[in-house]
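Okay, so here's the structure we're looking at.
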Number of protein chains: 2
Amino acid sequence: MSTAPVTIRDVAKAAQVSVATVSRVFNRPNLVTAALRARVQDAADRLGYLADGAARALASRRSRAIGAIVPTLDNPVFAACIDALQQRLDEHGFALLIASAGYDAARETREVRVLLERGVDGLMLVGADHPSAVWALIERRRPAVPVVVTWSGEASRSTVACIGFDNRAAARRLVDHLLQLGHRRIAMIAGPTTGNDRAMARVAGVREALSAVGIALAPPYLTERPYTVPDGHAAALVLLSLPEPPTAIVCGNDHLALGALAGVRSLGLSVPHDVSVCGFDDLDFAAYASPPLTTVRVPAAEMGRRAADCLAAAAGRTEPPATALLEAPVMLRGSTGPPPGHRATARAPAATVTRPPRRRGTLRRAGGGPTEGPSAPR
Amino acid sequence: MSTAPVTIRDVAKAAQVSVATVSRVFNRPNLVTAALRARVQDAADRLGYLADGAARALASRRSRAIGAIVPTLDNPVFAACIDALQQRLDEHGFALLIASAGYDAARETREVRVLLERGVDGLMLVGADHPSAVWALIERRRPAVPVVVTWSGEASRSTVACIGFDNRAAARRLVDHLLQLGHRRIAMIAGPTTGNDRAMARVAGVREALSAVGIALAPPYLTERPYTVPDGHAAALVLLSLPEPPTAIVCGNDHLALGALAGVRSLGLSVPHDVSVCGFDDLDFAAYASPPLTTVRVPAAEMGRRAADCLAAAAGRTEPPATALLEAPVMLRGSTGPPPGHRATARAPAATVTRPPRRRGTLRRAGGGPTEGPSAPR
DNA sequence: GCGGCGTTTGAAAGCGTTTACACAGACTGC
DNA sequence: GCAGTCTGTGTAAACGCTTTCAAACGCCGC
């Protein structure tokens with residue numbers, strides 16, 4: 001085994017053709033006659049030739065790599081998106097460079113810079129709100145990079161595509177459901193809203209639904225917490241110790257909701273008998289919480305796949321890629337029910353449930369457990 | 001805004017120096033006098049210069065990128081590892097290329113090839129068992145790439161480093177705990193073992209602990225299922241319908257365990273009163289399952305960080321990176337208890353628990369809920 | 001048989017960096 | 001003052017590939 005790497009020149013020599021031909025065999029095989037193609041392939045296999053990506057990228061002026069920046073991979077909802085993104089990109093022949101920004105604007109800017117320097121042919125971002133430095137970097141970049149914004153209903157710039165869902169509408173539907181069950185004292189544990197249009201939209205949706213029936217949403221019923229289970233727990237305890245505690249708690253995501261669930265129960269209260277709780281994301285485990293969590297199903301994997309298709313198509317070309325608005329249905333489960341003292345509504349135990357009213361086709365009754373839970377990842 | 005990208009030559013011209021000096025300013029600043037350095041920096045900023053990663057990699061013969069291949073990102077335990085890996089690599093100035101292989105040998109081989117072609121300076125793999133084609137690719141590669149194997153106790157090759165934990169020992173401790181509670185009819189729902197040394201080691205650990213007290217582990221008490229919640233559910237139903245159903249079920253990971261939990265309860269049985277269940281991974285939600293899941297805490301993030309340090313250090317050099325064996329403690333929670341009909345042991349309800357015996361410092365009593373649950377991700 | 005055309009191949013010019021290597025000064029020690 | 005060191009900077013040759021351009025080679029119809 002020689003110590004020098006095998007280059008395209010070695011292959012050319014072994015196959016007795018020019019380097020140009022070898023290059024063509026790998027990049028545009030149909031330009032080469034079958035006989036030569038076989039000879040070159042054979043030589044390449046024999047020598048164990050591996051093309052040098054850097055040289056290839058330098059010469060062709062495209063890296064066939066896509067960059068993605070998520071707030072964190074430590075939330076399964078983002079991991080699911082990235083997993084799907086990577087798989088689909090792979091099918092298109094693109095590699096994936098990934099970075100996490102930890103909900104930190106400066107860090108995100110740095111990561112964008114790093115990815116652009118690495119010559120990515122496209123960029124996937126989460127959410128529409130990004131520091132202006134991020135946009136400046138992207139716009140300055142030659143050749144232009146296609147950008148896809150996910151998780152949000154609409155892009156803040158016309159130059160980028162958007163593959164997301166309507167956070168506001170989803171939150172609204174969630175609260176409509178609670179209102180319909182008879183709740184009036186509805187509190188929200190929101191995620192941090194600064195620089196986070198998704199968190200903001202969810203608050204806006206809750207507020208909108210409430211104000212439609214003449215209820216205002218304000219502290220202490222509205223509280224903002226980091227997206228962690230313990231924070232959800234702590235926030236729930238505060239809410240339930242108010243003089244007029246809420247009968248329902250809407251959470252900014254499933255982590256907060258899981259914490260809230262635990263918080264409620266730690267006070268000896270029952271969910272949903274004493275307090276209803278709902279979340280946002282529909283993590284795999286939401287359906288297996290106890291009680292199973294009513295939440296909004298975020299189309300994470302689908303966004304990843306679409307973003308991949310979109311970026312692969314747009315890479316190289318200059319037109320901005322296409323946009324899509326996906327469904328984010330409310331999954332009705334056992335963690336929401338009528339408020340205490342409310343005369344029983346049409347809701348029966350999950351096992352024998354009568355179909356609840358469908359609202360715009362996006363309210364779903366979901367089994368709380370194994371029979372209908374989402375198939376879990378491996 | 002010009003249409004041609006800004007190159008190092010433009011910066012050199014603007015700063016009235018040679019391109020070599022510009023390059024030095026960015027790569028070995030201490031070789032350049034402060035005055036020039038400032039002038040170059042200034043020119044670069046003014047022009048919005050972004051270095052071309054491909055050219056850089058080609059000339060310097062190192063990409064400053066690391067590749068990682070995991071079975072899937074859709075399991076939070078791998079996502080957590082990758083998240084930590086990326087963050088730490090970032091600190092070292094490396095980018096991360098990621099790929100998932102979906103427990104498929106051919107796909108893994110392809111991904112390794114892709115990553116090597118992209119010129120990664122190092123590779124992180126999960127597990128020690130990989131198709132020989134993978135090793136062939138890696139060994140043929142010039143210059144040599146450092147490889148770190150995670151999740152396993154020892155590497156199958158001396159040329160690669162290993163940063164993992166002892167799956168077998170952890171599984172053994174889990175079963176020792178069950179034996180000590182008085183269980184004798186202990187079943188296992190394992191993950192798919194072919195080509196998966198971790199899954200195999202876990203089975204081996206369970207078998208070892210059992211055979212130490214004269215119990216054999218064999219079908220139907222040993223069953224192999226894909227790592228999904230529904231599979232855990234289905235497998236549990238089968239086990240509990242046996243003429244002699246087990247009093248405890250050990251699962252290959254937390255997904256299977258969560259499914260088993262649901263399966264047990266769907267039969268109207270109680271966990272842990274009628275059946276004990278335990279898992280492996282300690283996902284964030286394990287502590288919030290109901291009852292909270294006894295499981296093995298896998299040091300996913302720590303493996304990611306160590307792998308990053310290790311690879312960053314080894315990149316370029318030829319010596320294989322260092323090896324580490326991490327702790328994987330058993331987290332005792334509410335899903336395990338004495339078998340039915342067994343006279344009460346020293347175990348009291350979680351709240352007033354007397355410390356269980358510590359075995360080699362790796363059996364931990366963990367709070368079932370919020371007070372001690374792991375801080376959840378954002 | 002020859003101009004014209006389409007197809008296949010080769011020669012060579014980059015792609016934007018890094019990095020020997022050479023070289024010019026500014027110091028040293030004598 | 002002058003050989004010998006350092007330091008800091010510039011020159012130019014890679015790095016391994018893609019791609020343009022032109023040449024070579026049929027093949028057709030006249």
Side-chain angles (χ1 to χ4, degrees), chain A residues 2-40 43-44 47-65 93 116-119 121 141-143 316, chain B residues 2-40 43-44 47-65 93 116-119 121 141-143 316:
Chain A
S2 98
T3 179
V6 176
T7 74
I8 198 175
R9 219 180 307 268
D10 301 321
V11 177
K13 200 167 300 171
Q16 314 204 58
V17 297
S18 71
V19 295
T21 299
V22 178
S23 171
R24 277 190 282 257
V25 166
F26 291 114
N27 298 313
R28 348 242 303 249
N30 52 325
L31 291 187
V32 178
T33 52
L36 264 199
R37 216 185 305 155
R39 217 163 82 208
V40 170
L47 297 177
Y49 171 64
L50 281 186
D52 179 322
R56 211 197 259 257
L58 178 58
S60 68
R61 325 185 59 53
R62 45 179 44 239
S63 63
R64 299 208 66 101
L116 290 179
E117 285 203 337
R118 301 221 166 237
D121 290 341
R141 173 40 140 62
R142 290 303 107 107
Chain B
S2 99
T3 178
V6 176
T7 74
I8 199 176
R9 222 180 303 269
D10 301 320
V11 176
K13 199 167 299 172
Q16 313 204 58
V17 297
S18 72
V19 295
T21 299
V22 177
S23 171
R24 277 190 282 257
V25 166
F26 292 114
N27 298 312
R28 345 236 310 240
N30 51 325
L31 291 187
V32 179
T33 51
L36 263 199
R37 217 185 304 154
R39 215 163 83 206
V40 169
L47 296 177
Y49 171 65
L50 281 186
D52 179 323
R56 210 194 258 256
L58 178 58
S60 67
R61 324 189 57 52
R62 45 179 47 236
S63 63
R64 299 210 66 104
L116 290 179
E117 285 204 336
R118 302 225 165 233
D121 290 341
R141 174 36 141 62
R142 290 301 107 108

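Atoms considered below: every heavy atom in the structure, side chains included; atoms not considered: hydrogens, waters and symmetry mates. All chains are named by letter (A, B, ...) in the order of the sequence lines, taking the proteins before the strands, and each is independently numbered beginning at 1.
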Using a cut-off of under 3.5 Å, enumerate the N/O to N/O pairs linking the protein to nucleotides 22-25 of chain C.
none

Distance, rounded to the nearest Å, where [X] contributes [atom1] and [N] contributes [atom2]:
X       : N       : atom1 : atom2 : answer
I8(B)   : dT17(C) : CD1   : P     : 5 Å
R64(B)  : dT17(C) : CZ    : P     : 17 Å
R9(B)   : dC15(C) : CZ    : C1'   : 10 Å
L58(B)  : dC15(C) : CG    : C1'   : 9 Å
R62(A)  : dC17(D) : CZ    : P     : 18 Å
Y49(B)  : dG16(C) : OH    : C1'   : 7 Å
R56(A)  : dC17(D) : CZ    : C1'   : 8 Å
R118(A) : dT17(C) : CZ    : C1'   : 14 Å

Identify all pairs in which a protein N or O lies below 3.5 Å from an N or O of nucleotides 4-7 of chain D, and state each distance.
none

Examine dC15(D): is either OP1 or OP2 under 4.0 Å from a nitrogen or oxygen in the side chain of R61(B)? Give yes or no.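 No, because none of the side-chain N or O atoms of R61(B) sits under 4.0 Å from OP1 or OP2 of dC15(D).
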
Reading DNA chain D 5' to 3', how would its secondary structure be written in dot-bracket notation, given Watson-Crick and G-U pairs with both distances under 3.5 Å, brackets [ ] for crossing pairs and | for partners on other strands? ||||||||||||||||||||||||||||||

Touch class at under 4.0 angstrom, heavy-atom based, for [X] against every strand present:
X      : value
F26(B) : nothing
A57(B) : nothing
S23(B) : base

Distances under 3.5 Å between protein N/O atoms and the N/O atoms of nucleotides 7-14 of chain C, please, pair by pair.
residue	atom	partner	partner atom	Å
dT9(C)	OP1	T33(A)	OG1	2.9
dT9(C)	OP2	T33(A)	N	3.2
dG10(C)	OP2	S18(A)	N	3.1
dG10(C)	OP2	S18(A)	OG	3.2
dG10(C)	OP2	T21(A)	OG1	2.6
dG10(C)	N7	R24(A)	NH2	2.8
dG10(C)	O6	R24(A)	NH1	3.3

Any side-chain hydrogen bond (donor to acceptor under 3.5 Å, both in side chains) involving residues 49-59 of chain B? Give me the pairs, sequence neighbours left out, ordered by first then second residue. N27(B)-R56(B)

All heavy atoms of A54(B) vs all of L58(A), minimum pair found to be CB-N, 3.8 Å

Any idea which heavy atoms bring R141(B) and G119(B) closest together, and the distance?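 Heavy-atom minimum between the residues: NH2-CA, 3.2 Å.
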
Spatial distance of atom CZ (R118(A)) from atom OG (S63(A)) [nearest 0.5 Å]: 11.0 Å

Separation between CZ (R37(A)) and CZ (R24(A)), nearest 0.5 Å, reads 13.0 Å

Please tabulate the protein-to-nucleotide N/O contacts below 3.5 Å involving nucleotides 24-28 of chain D, giving atom names and distances.
none

For residues 10-22 of chain B, run the donor-acceptor check on the side chains, cut-off 3.5 Å, and write out each pair with its distance to 0.1 Å, sequence neighbours left out.
residue	atom	partner	partner atom	Å
D10(B)	OD2	T7(B)	N	2.8
S18(B)	OG	A20(B)	N	3.4
S18(B)	OG	T21(B)	N	3.3
S18(B)	OG	T21(B)	OG1	3.3

By nearest atom, which of the nucleotides dT17(C), dT18(D), dT18(C) is closest to the T7(B) side chain? dT17(C)

